[in-house]
**Student:** 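Below is one structure. I have some questions about it.
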There are 2 protein chains.
Amino acid sequence: MIESVMHMPGDDPLRAIGVIAKALDGIANIEFKQFDLTRGQYMYLSRICEEPGLTQTQLGERIKVDRATATRAIQQLEAHGFIRRENDDQDRKQKHVWPTEKANQVYPRIRAENEHSTQIALQGFSATEQQQVKQLLLRMQQNVSDNWDFVKRGGVRKY
Amino acid sequence: MIESVMHMPGDDPLRAIGVIAKALDGIANIEFKQFDLTRGQYMYLSRICEEPGLTQTQLGERIKVDRATATRAIQQLEAHGFIRRENDDQDRKQKHVWPTEKANQVYPRIRAENEHSTQIALQGFSATEQQQVKQLLLRMQQNVSDNWDFVKRGGVRKY
DNA sequence: AATTATTAGTTGCAATTGCAACAAGCAACT
DNA sequence: AGTTGCTTGTTGCAATTGCAACTAATAATT
């Protein structure tokens, strides 16, 4: 009985991360419809505005989406005038992605929404706690990135 | 220039949460294919095994998915023998969800994967830091839940 | 130099997702 | 009791996602 309680995932950090992410993604998708952004596009658009010239592969890796998914999302953003694409000068296999003026107008709205969600999420946190959670989350992100790459490329984790 | 650096989302906690979640979800979906689980089903199955008898609505709220999505995922799990559904005794609008033996056999594998991913994510964390991040994340989850509900039901956030 | 292996982006196919509308059931009001 | 409003689960439709296969380009090997 006590053991059962000990092992219940009620305090599972990864689950909390999953739920928070899902909630905020759901909120964002609803709120960004007014800017002509479809599901998930805000993630791509943010990255492209912050790091103009990223290749498609780099973009997909930052967001942790499948290459096919990245391609199609980027195609849509291009079709709706948010971005433009250009081949790399040295390596014609690669394409770089640049924001258009349309994107740069929407980006501050994305930031505003994100700040608001951040305020909500960190409500009741002291300044120290805010710093702490930021640092801890960044370390976690670094910790899991290689695993995603490994498994995505066909690697099999042992456990 | 300095201002621009200050406002760069490099230390955005919500973004880190989104990336971590996406990475771990991607990994989990790949790894659970061997158990006949399709995309995202592990989230539902875990909840159903841990809280047998949840209604569909409760389940969807815990995971933060759309009602239609929950319905369809649950239908699939039922069709593949992982769960069974029953109407509520008092309110025939509601359906409760129960795990089958098949589900109870798979659940420990889901837990094992989750434990492994947790180990990876928390690599290099002291015991104190582990406790900290768990607590902070739980509080964040609580902070955002009402917002999800509000926006999902049509509420409009001001910011 | 020629061949083989790997990589980046793309597309077909099928599954999943979410909005909107609907039906059935229950709650609240008159 | 009858009417209106709300809730739960479902379905149609269209968009998104991810696996697998493909093409073109580049890297590595022979």
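Labels below follow one simple rule: chain letters A, B, ... track the order of the sequence lines, proteins then strands, and each chain is numbered from 1. Given the structure is predicted, the values throughout are model-derived calculations rather than measurements.
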**Student:** C/dT10 phosphate, OP1 or OP2: any side-chain N/O from A/Lys95 under 4.0 angstrom?
**Tutor:**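 So the side chain of A/Lys95 is within the cut-off, an N or O lying under 4.0 Å from OP1 or OP2 of C/dT10.
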**Student:** When the nearest nucleotide of DNA chain D is assigned to B/Arg67 and to B/Gly26 on a heavy-atom basis, which residue is associated with the more 5' position?
**Tutor:**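 Final value for this comparison: B/Arg67.
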**Student:** A/Asp66 has an atom CG; how far is it from atom P of C/dT17, in whole Å?
**Tutor:**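 These atoms are roughly 15 Å apart.
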**Student:** If you round to the nearest 0.5 Å, how far is CZ of A/Arg47 from OH of A/Tyr107?
**Tutor:**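 Between A/Tyr107 OH and A/Arg47 CZ, I get 9.5 Å after rounding to 0.5 Å.
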**Student:** Side-chain donor or acceptor of B/Arg92 under 3.5 Å from a matching atom on the base of C/dG25?
**Tutor:**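 It does not, because no donor-acceptor pair links the side chain of B/Arg92 to the base of C/dG25 below 3.5 Å.
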**Student:** Going by atom types alone, do B/Thr118 and B/Glu115 pair a side-chain donor with an acceptor below 3.5 Å?
**Tutor:**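 Short answer, no.
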**Student:** Would you say the side chains of B/Gln41 and B/Thr38 form a donor-acceptor pair under 3.5 Å?
**Tutor:**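 Side-chain D/A pair, B/Gln41 to B/Thr38: present.
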**Student:** Return yes if a side-chain donor-acceptor contact under 3.5 Å exists between A/His96 and A/Asp88, otherwise no.
**Tutor:**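 Yes, because at least one side-chain N or O of A/His96 sits under 3.5 Å from a partner of the opposite role on A/Asp88.
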**Student:** Does any residue of residues 140-159 of chain B have a heavy atom under 4.0 Å from DNA chain C, and if so, which ones, in number order?
**Tutor:**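 Within residues 140-159 of chain B, the residues near DNA chain C are B/Lys152.
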**Student:** Looking at A/Thr69, does any N or O in its side chain come under 4.0 Å of the phosphate oxygens OP1/OP2 on D/dT16?
**Tutor:**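 Checking A/Thr69 against D/dT16: no side-chain N or O falls below 4.0 Å of OP1 or OP2.
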**Student:** Report yes if a side-chain nitrogen or oxygen of A/Lys93 is closer than 4.0 Å to either non-bridging phosphate oxygen (OP1 or OP2) of C/dT6; otherwise report no.
**Tutor:**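 For A/Lys93, the contact criterion (side-chain N or O under 4.0 Å from OP1 or OP2 of C/dT6) is not met.
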**Student:** May I have the distance from A/Arg39 (atom CZ) to C/dA15 (atom P), rounded to whole angstrom?
**Tutor:**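 Interatomic distance, CZ of A/Arg39 to P of C/dA15: 18 Å.
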**Student:** Could you state the CD-C1' distance from B/Gln58 to D/dT8, rounded to the nearest angstrom?
**Tutor:**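 Atom CD in B/Gln58 sits about 12 Å away from atom C1' in D/dT8.
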**Student:** For a quick test of reading the model: is some side-chain N or O of A/Gln75 closer than 4.0 Å to OP1 or OP2 of C/dG9?
**Tutor:**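 No, A/Gln75 has no side-chain N/O under 4.0 Å of OP1/OP2 on C/dG9.
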**Student:** Between atom CG in A/Asn87 and atom C1' in C/dA8, what is the gap in whole Å?
**Tutor:**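 Distance check: A/Asn87 CG to C/dA8 C1' gives 11 Å.
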**Student:** Counting the atoms with a prime plus P, OP1 and OP2 as sugar-phosphate, which does A/Gln90 contact under 4.0 Å by heavy atoms, base, sugar-phosphate, or nothing?
**Tutor:**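 The answer is sugar-phosphate, as A/Gln90 gets under 4.0 Å only of primed atoms, P, OP1 or OP2.
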**Student:** More 5' along DNA chain C: A/His96 or B/Gly40, using each one's nearest nucleotide?
**Tutor:**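 Counting from the 5' end, the first nearest nucleotide belongs to A/His96.
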**Student:** Tell me whether the side-chain N/O atoms of B/Thr38 come closer than 4.0 Å to OP1 or OP2 in C/dA15.
**Tutor:**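 Result: no.
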**Student:** In whole Å, what is the span from the CD atom of B/Glu31 to the P atom of D/dC19?
**Tutor:**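 The distance from CD of B/Glu31 to P of D/dC19 comes to 12 Å, rounded to the nearest Å.
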**Student:** Residues sharing B/Ile63's hydrophobic cluster, by side-chain heavy-atom contacts under 4.5 Å among ILVMFWY, directly or via others?
**Tutor:**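 Taking Ile, Leu, Val, Met, Phe, Trp and Tyr as members, B/Ile63 shares its hydrophobic cluster with B/Phe32, B/Phe35, B/Leu37, B/Tyr42, B/Met43, B/Tyr44, B/Leu45, B/Ile48, B/Leu54, B/Leu59, B/Val65, B/Ile74, B/Leu77, B/Phe82, B/Ile83, B/Val97, B/Val106, B/Ile110.
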**Student:** If we ignore angles and hydrogens, is there a donor and acceptor under 3.5 Å between the side chains of B/Arg157 and A/Ser117?
**Tutor:**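 The criterion, which ignores hydrogens and geometry beyond distance, is satisfied for A/Ser117 and B/Arg157.
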**Student:** Can you figure out which of C/dT11, D/dG9, C/dG18 approaches the side chain of A/Thr71 most closely?
**Tutor:**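 Nearest nucleotide to the side chain: C/dT11.
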**Student:** At under 4.0 Å, does any side-chain N or O of A/Arg72 touch on OP1 or OP2 of D/dC19?
**Tutor:**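 Indeed not, no polar side-chain atom of A/Arg72 lies that close.
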**Student:** Over how many whole Å does the gap from B/Asp25 atom CG to C/dT16 atom P extend?
**Tutor:**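 Distance check: B/Asp25 CG to C/dT16 P gives 13 Å.
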**Student:** Remember a base hit wins even if backbone is also touched, and classify A/Ile74 as base, sugar-phosphate or nothing at under 4.0 Å, heavy atoms.
**Tutor:**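 Nothing, no nucleic acid heavy atom in range.
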**Student:** Taking for each residue the nucleotide of DNA chain D bearing the nearest heavy atom, is the 5' side occupied by A/Asp91 or by A/Tyr44?
**Tutor:**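 Result: A/Tyr44.
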**Student:** Once you round it to whole Å, what is the distance between P of C/dG9 and CG of A/Leu54?
**Tutor:**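 So the two atoms are 11 Å apart, to the nearest Å.
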**Student:** Measure from the side chain of A/Ala68, starting at C-beta and using heavy atoms only, and say which of D/dC19, D/dT16, C/dC19 lies closest.
**Tutor:**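 Looking only at side-chain atoms, A/Ala68 lies closest to D/dC19.
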**Student:** When the distance from CD of A/Glu61 to P of C/dG9 is rounded to whole Å, what number comes out?
**Tutor:**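 For the pair A/Glu61 CD and C/dG9 P, the rounded distance is 10 Å.
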**Student:** When the nearest nucleotide of DNA chain C is assigned to A/Asn29 and to A/Thr55 on a heavy-atom basis, which residue is associated with the more 5' position?
**Tutor:**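 The 5'-side residue here is A/Thr55.
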**Student:** Is A/Phe150 reachable from B/Ile30 through a run of hydrophobic residues whose side-chain heavy atoms are each under 4.5 Å from the next?
**Tutor:**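 B/Ile30 and A/Phe150: one cluster.
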**Student:** Could you state whether A/Leu14 and B/Val144 fall into the same hydrophobic cluster, counting links through intermediate Ile, Leu, Val, Met, Phe, Trp or Tyr residues with side-chain heavy atoms under 4.5 angstrom apart?
**Tutor:**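 Yes: a chain of side-chain contacts under 4.5 Å links A/Leu14 to B/Val144.
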**Student:** How many angstroms lie between CD in B/Glu86 and CD in B/Gln94, if you round to the nearest 0.5 Å?
**Tutor:**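 Reported value, rounded in 0.5 Å steps: 13.5 Å.
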**Student:** From C/dT17, C/dG9, D/dT10, pick the nucleotide closest to the side chain of A/Gln56?
**Tutor:**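 Closest nucleotide to the A/Gln56 side chain: C/dG9.
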